[in-house]
Amino acid sequence: MAQINVSQQLKAPIGSIRNYEVNETVNIDGVDDIVQGEVRLMRTDRGILVRGTLHTEIELTCSRCLSLFNYPLTLDIEEEYLPTIDIVTGAALPLADEPGCFTIDEHNILDLTEAVRQYALLTIPMKPLCHQECSGLCPICGANLNHSSCNCPPEPADPRWSELSKLVLTNSKASANKEKGTK
Ligand SMILES: [Zn+2]
Ligand SMILES: [Zn+2]
C-alpha cells in the first residue's frame, strides 16, 4: 500500500516539494502488482499535488489466443489531494465539492493506492494482444496457432462468395474451352 505521511509537508509553505520513492504492491486487478517509480509532492494552497510516473506490470489474457502474458503499464499520475482536517487546529474541514477528488485522511496519510488503481484500469487495453501479430486459436480445433499449425481445412468461405467463385470458375472454363476450340 502506497501510503505517505504528509503531516510535515502540510505545515510547510506553499510550493515546498518532497520527492517520494514508490516501491509498493498495489492490488490492481485482483492480484498484488509491484508499482515502482517516483512521485513529487508539492504543497499547494489547498493540499498536496502529486505528480510522477509509475511503472507496473500486470497479467492480462490475450483476446485472440487466450494465453496469459505480462503487460507493462506506465502511469502518469497527476492528482491533488485535499486534507480532511486542519493541520494546525485538527478541526474537520468541509470536503471539497469535487466528486471523486482524492483526500488526505485524518492521520495525514496520503494514500496513492486508489489513484494507482484507477490510472492503471484506464491504461489497460480493451482487447489486449500477447503480441501484435498473434495468430489466435483455430476456430475448429482450438489449437493455439502461435505454437502449432493444425490440419483443419481452411475456414468455409462465405456462401455469397462461393456462388461468385463458381461463376468465375465456369467463366474461366468456358474461356479455356473457347481457346481450345479456336485452336
Ligand atoms: Zn495471443
Ligand atoms: Zn484446427
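In each ligand, atom 1 is the first atom listed, and ligand 1 is the first ligand listed.
Residue Asn70 qualifies as enclosed at atom CG: its count of foreign heavy atoms under 6.0 Å is above 12.
Side-chain atoms of Asn108 do not come within 3.5 Å of backbone N or O of Val6 as any donor-acceptor pair. Arg51 places no side-chain N or O within 3.5 Å of a backbone atom of Glu78 that could act as its donor or acceptor partner.
Exactly one residue among Leu41, Ile17, Thr44 makes a side chain to side chain contact (heavy atoms under 4.5 Å, CB included) with Leu49. That residue is Thr44.
With the Zn ion (ligand 2) as the vertex, SG of Cys152 and SG of Cys150 span 110° to the nearest 10°. With the Zn ion (ligand 2) at the apex, Cys138 SG and Cys141 SG define an angle of roughly 110° (rounded to 10 degrees). Angle SG (Cys134) to the Zn ion (ligand 1) to SG (Cys65): 110°, rounded to 10°.
Under 2.8 Å from the Zn ion (ligand 1) lies no N/O/S atom of His131, from backbone or side chain alike.
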